[in-house]
Number of protein chains: 2
Amino acid sequence: MLRAAAELFVAHGYSATTLRQIAESAGIKAGSIYHHFDSKELLFSVVLDEGIDVMVQAFHTAADVTSDAPAPSRLLAHVRAHLGALFENGPFTTAHVTSFFSAPHTVRAQAVTRRDGYENLWSALLNDLFPQINRKDLALHRLILFGALNSTIEWFDPAGNLTLDQLAAVVTNQFLNGVQP
Amino acid sequence: MLRAAAELFVAHGYSATTLRQIAESAGIKAGSIYHHFDSKELLFSVVLDEGIDVMVQAFHTAADVTSDAPAPSRLLAHVRAHLGALFENGPFTTAHVTSFFSAPHTVRAQAVTRRDGYENLWSALLNDLFPQINRKDLALHRLILFGALNSTIEWFDPAGNLTLDQLAAVVTNQFLNGVQP
DNA sequence: CGATCTACCTAACGTTTGTTAGGCGAGTGC
DNA sequence: GCACTCGCCTAACAAACGTTAGGTAGATCG
């Protein structure tokens, strides 16, 4: 049922998704939702939290696997993990990207706070991978990379010709070396 | 009044914005909106169209100014123009980024169609600037660049220390040369 | 067996939503 | 000075919204 809610939030945004739609999609009636969640906002909040958990977990498994690999490989693994969280692990992570702006102020603020934890993981990683670049510049590069990664959900088709591995390779390579041949 | 509507759409998304809010923000009453627009969807549609017009116009002025400059300068000018459309020319362009997912299907489909025109301008530009790169790769690079540019509205503060010119330079440089020092 | 709990339902509540019909005053053209 | 348009208002409409109260079937447990 959390899954059903997340999918609808992703497709239509927070406020355009009604509890009756969620209920129907989950095979129950609208009023029954309140047996599990005290309000629509809280349900949304749980969906977003779940999305962050997925991302953080993906990050840590990528970190474990590649902890002593060279820098480009480690970066690639984490880019792949982030894309995997978006496209392979349910709609929870995606909800963060698509329904962020349609979320109520309180939920939005809370989501930002929790997301900071994940972003700090990335900051630490990048500072570790590129010690020769100063942190302020690196923070900017990270934001640009995040923008590129998250907006893939607007155009990337997991069932298309391009695989997630290939996409991760392209993004990583562009981040490292730019577009010049 | 279009401006008031656009600002509210940007802040809360499409369906969380009520006609009464828009009316109040524009200094009129809700019913009066229908003297100008036949429906809420149509009003939103007009806002989005206006946003595309702003972007296309910014693109063409940048093209006129730098038509015989070297490739990196031309790219920089267009990146700067795109960022200018987002941050300096009202909320119409921004509405495209923030309220896209909360838009009704029909409006969304129409917006995509009109946006294709703008994206084709960019495709042509990049193919012109980088003839040595094959078009399929370049299309990917463009999508990545667009993602990075559009998501700046989530974190960039026009009133902060970093200027738009500097931001444009950073993004352009990362696109061309990557993050390596 | 009886008590309790869980997961759900029905039916309604007050509010808000987009939308509409009809009216009113200021300006314009003839 | 009369007709007409334009921009806006008031007042209401039906529908849909989040939410709540009270009830019911089935499982759990002592």
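The chains referred to below are lettered A, B, ... by the order of the sequence lines, with proteins before strands, and numbering in each begins at 1. Hydrogens, waters and symmetry mates are skipped; everything else that's a heavy atom, side chains included, is used.
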May I ask you to verify if any side-chain N or O of Y34(A) is less than 4.0 angstrom from the OP1 or OP2 atom of dT19(D)?
-> yes

Sugar-phosphate only, base, or nothing, as touched by S15(A) at under 4.0 Å among non-hydrogen atoms = nothing

Of V171(B), L75(B), D165(B), the residue whose pairing with R80(B) passes side-chain contact (heavy atoms from CB on, under 4.5 Å) = D165(B)

Choose from dT19(D), dT10(C), dC8(C) the nucleotide whose nearest atom is closest to any side-chain atom of I28(A).
-> dC8(C)

Going by the side-chain contact (heavy atoms from CB on, under 4.5 Å) test, name the single residue among E88(B), H82(B), E50(B), M55(B) that passes it with T93(B).
-> M55(B)

5' precedence on DNA chain C between A30(B) and A30(A) (nearest-nucleotide basis) | A30(A)

Tell me: CD of Q21(B) to P of dT17(C), nearest whole Å?
-> 7 Å

Side-chain contact, heavy-atom cut-off 4.5 Å: F156(B) with L164(B)?
-> yes

Quick one: is H35(B) getting a side-chain N or O under 4.0 Å of the dC9(D) phosphate, OP1 or OP2?
-> no

Below 4.0 Å: OP1/OP2 of dG18(C) and any side-chain N or O of K40(B) = yes

Quick check, are the ring centers of W122(B) and F146(B) under 6.0 angstrom apart?
-> yes

Atom CE of M1(B) and atom C1' of dC6(D) are separated, to the nearest Å, by 15 Å

Shortest non-hydrogen separation from F101(A) to V10(B) and the atoms involved | CD2-O, 4.4 Å

Spacing between D38(A) atom CG and dT20(D) atom C1', to the nearest angstrom | 12 Å

Heavy-atom nearest nucleotide on DNA chain D taken for G27(B) and for E41(A); more 5' hit belongs to G27(B)

Spacing of I33(B) atom CD1 relative to dG18(C) atom C1', expressed in whole Å | 10 Å

From dG18(D), dT19(C), dC9(C), pick the nucleotide closest to the side chain of K29(A)?
-> dC9(C)

OP1, OP2 of dC9(D) versus side-chain N and O of S32(B): anything below 4.0 Å?
-> yes

Between dG18(C) atom P and L42(B) atom CG, what is the distance in whole Å?
-> 15 Å

Please give, in whole Å, the distance from dA11(C) P to L19(A) CG?
-> 19 Å

CZ of F44(B) versus C1' of dG18(C): gap in Å, rounded?
-> 16 Å

Select one nucleotide: of dT19(D), dG18(D), dT10(D), the one nearest the side-chain heavy atoms of T18(A).
-> dG18(D)

Nearest whole angstrom, please: distance from the C1' of dT17(C) to the NE2 of H12(B).
-> 16 Å

